[in-house]
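Read the structure below first, then the notes.
Numbers restart at 1 for each chain; the letters A, B, ... are given by sequence-line order, proteins then strands.
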Amino acid sequence: MGKIDTRVWLVVIAATLFACLAYVPAIIREGDLGFAVSDVFLYEAMINGLLLGGVLALLSLGLNLIFGVVDVVWICYAEIVMLGMYGIYYLHSVYGVPLLLAMPAGILLTALIGYAVHHLVIRHLLDSAPINQLLATGGLLFFFQSVATLAFGIDFRNLGVSLGSFPLTEDIYISWSRLAAFIVAAGCVIFLYLFLTRTFMGTAIRAISQDREIMTLMGAAQGRLYLISSAIGGGLAGLAACLLVLQYDVHPFVGLSFGPITFMICVLGGLGNMVGGFIAAFILSELIALGGYHFDLEWGYVFAFAFFIAMMFVRPEGIMGRRS
Amino acid sequence: MNGLVLPIVFAALLAVAALIGIPSYPLHIMIVILIWSFTYTGWSLMGRFGLVSLGHGAFMGLGAYATALLWNYAGMTPWLGIPIALALAALLAVIVGYPCFKFRITGHYFALVTLALTEVVRQTVIATRDHTGGSLGFTPTPKGNDETPGYIALQFEDKETWFLIVVFVWLVGLLIWRAVDRSMVRNALDAISEDEDSAAAAGINVTWEKLKITVLSAVMTAFGGAMYVQYQLFVAPDTVSGIGISLQIVFAVVAGGVFTQFGPTFGAIITLLLAEILRIYIGTDAVGLDNAIYGVALVLFIVFLPKGILGSIEDAVRRRIDRPERGKAATVSDL
Amino acid sequence: MLALSNVDAGYGTFQALFDCTLEVKAGEAVAVIGPNGAGKTTLMRVISGLIPARGGRMDMEGRDLVATPPHRIVELGIAHVPEHRRLFPRMSVEDNLRMGAFVPSARAAYARRLDFVYDLFPRMKERRHQLAGTLSGGEQQMCAIGRALMSEPKLLLLDEPSAGLAPVIVQRIFELVRVIREQGLTVLIVEQNVQQVLRVVDRAYVLEAGSIRMSGSAEELAASDDIRRLYMGL
């Protein structure tokens, strides 16, 4: 029960920090609380932070699933998203495949990549030190990035599809693609939650993340469950790619811009803990959005990473994690 | 014995080679290799004890940017600026390292925390673009013609001077590696990397021992960064900080061998030569090919040769020499 | 039913079992007793395939166990209740039992097996939505045995079922062994609680330093001076 108390405290502290970050800079700048509270652009930034959080949550979901089951951190996860984005871009913009067909194809592509990554690399490293596993996927990061550079060049590509935006109030506009990303991400979280808790295969995946040796005793072929999880994790990367390709340009290094933040979310939430990852995604995305609003987008990232480092010292097991 | 003689003889040969006149381009490649070798050696001091940092881009960036910014904006000679930069790197290492070690953050958690650190530095450089030039990079002000002598600005036109400097720096790096290899710290850290709890139970101050090597490693890396910016007279956030550079450092050292004195140097030679050769013979069509090869090689190394090329060769040689004494083959040790 | 002959096994360079030969006949309850570190748990893990045998033969009803991959062994009718119970702590009792029925044949008979286990352990039915990690020690042992029974095994391997439990609960666990036998199961049990286990089994083997030193019927061993002095403190 003591654990829940600490969580409540963490929420209180986070909310206080959040309020400070949201209002204090504006109060200092304008010298007026009333102005800060009625600043519509601040609320627009907050809403955008929330929407960004949805995408980050989706990104962290697949990584968390793989980590929870296979116990390996895929440093190259964001690069798989990048390959998915290229896949969709090429199918749609170059070969003229309708977007609604290109997207499932992109998801299939990344699911296959996820399968291959496990089958060709991770499978051989299951008994290695965790750090070796991490470095091997780091090698894949280089590989994916440079394959993309070789194949597609370093130009920024844009799908050229804009879903536009709609006014929420007189001053606040919300982009449809961001809203769609948020909704799909939320839907995925719910779907994955139901899959993991209500289906036999999902229960088996949860069980193997709690005790892998015992699942062998139950008659489960570990390798098969790992492959299934890796493929699902890869497919989730493809889904994230579908949503990102509507909002951002594709280039070989796009993974670097959201890869690190995705790991931070997973670790902050407690590696393998999907609910924790979901919460962490929104905490970090709000930090980024508010930092970006008051200062600069990069400062937002600096705040988010610094917050992550500080949190690791306070709760190394993550906000929802358990100490092993 | 040969551990000390070999590098000195090698350095002397290199120095002589510089003086008899090597064409400018190979000299440039050798200078770059030596600077990176020094940085890689700095990283390997931690890496060999299982402290796999993905945050060395942070120290390298700090060393490079602090030195260059102090020169440009405060007119401070690198002779003062570099020590300040190194002190800052040491401070940063303590600020992040102390809680990490105190709270027993190890393995891939440590790697991910340090990864966040390198991103903090990269993003800070970009965010302060008014002073640092952001992602476009930053150029230290040229020393001017005769007003400031080159040795004060630490800027030299001729590559021979630079070559002699970096040979010396590289040699010092190897000597530091060797000093650590022979010290008590090494025994303590070996014990810690084997089993942290037993080491602590045996009376080893785990936090303190780890912190010492981390600060040393960070300072060396920052110095490598400072050398880099002074020689290249240009620095950009992505060339010294961020996940890409951090992985490049790890890769080169793993390829060369973490556990041997020349491993990092060897790693620097093969990775940088590969990039140069591909660039020259295949040209700009092959942008990225070197990294694709690195990537695959890194995976293969970790799967098949976790001791690195040089480490594995040395192992094989050693096995052959002391086969009678050694009952079992050296097992593939985890990093 | 189960026959081991001249089995060697170990971890890395350390050899834990030397030349072990033992047999369990259908319907029997057999115990393996011995001091800490004698290799009892290793023996169980070799049988269920968690560690490979390095030498010797192992058969289950005439089928070779050494060549069977670990996850297929349960399909041959062997269910292993591991040391320390090893439930999935953050899953409900019922989900734990569901995982016990992982193999296709058991999955098909899931509802029937669940009723069977709930009949045997009504307590588990009461607690079926509780997280397994929050059960008491005795309940966890019941859950672990129930999970093993879900696969409809012929042979149940019990590794130290009494470890860490209060004396009253230990009594009850050994009662359970008797109940399980009445269901027609064959039981191989590893125990340090020699006095009690000899009351519920037919035969026993004594394992010391990785080798089988002695074997005999439960009555013979319980009457043996050596056993009484070394293992029962009498």
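If you measure heavy-atom distances from A:I75 to chain B, the contacts under 4.5 Å come from the side chain alone. Within the 4.5 angstrom heavy-atom criterion, atoms from both the backbone and the side chain of B:V113 approach chain A. Of the atoms belonging to A:L125, it is side-chain heavy atoms, and not backbone ones, that fall under 4.5 Å from chain B. Proximity to chain B is absent for every atom of A:F307, based on heavy atoms less than 4.5 angstrom apart. Heavy atoms closer than 4.5 Å to chain B are found in the side chain of A:V73, but not in its backbone. A:L141 touches chain B through its side chain: at least one heavy atom from C-beta onward sits under 4.5 Å away, while N, CA, C and O do not.
Across all their heavy atoms, B:A116 and A:F305 have their closest contact at O-CB, 3.9 Å. The heavy-atom pair separating B:Q248 from A:F142 by the smallest distance is N-CZ, 3.7 Å. For the residue pair B:L112 and A:F308, the shortest heavy atom distance occurs at O-CE2, 3.9 Å. When all heavy atoms are compared, the tightest approach of B:V299 to A:A136 is CG2-O, 3.3 Å. B:V120 approaches A:A306 most closely through the heavy-atom pair CG2-N, 3.9 Å.
A salt bridge links B:R129 with A:E298: the closest approach of a Lys/Arg side-chain nitrogen to an acidic carboxylate oxygen falls below 4.0 angstrom.
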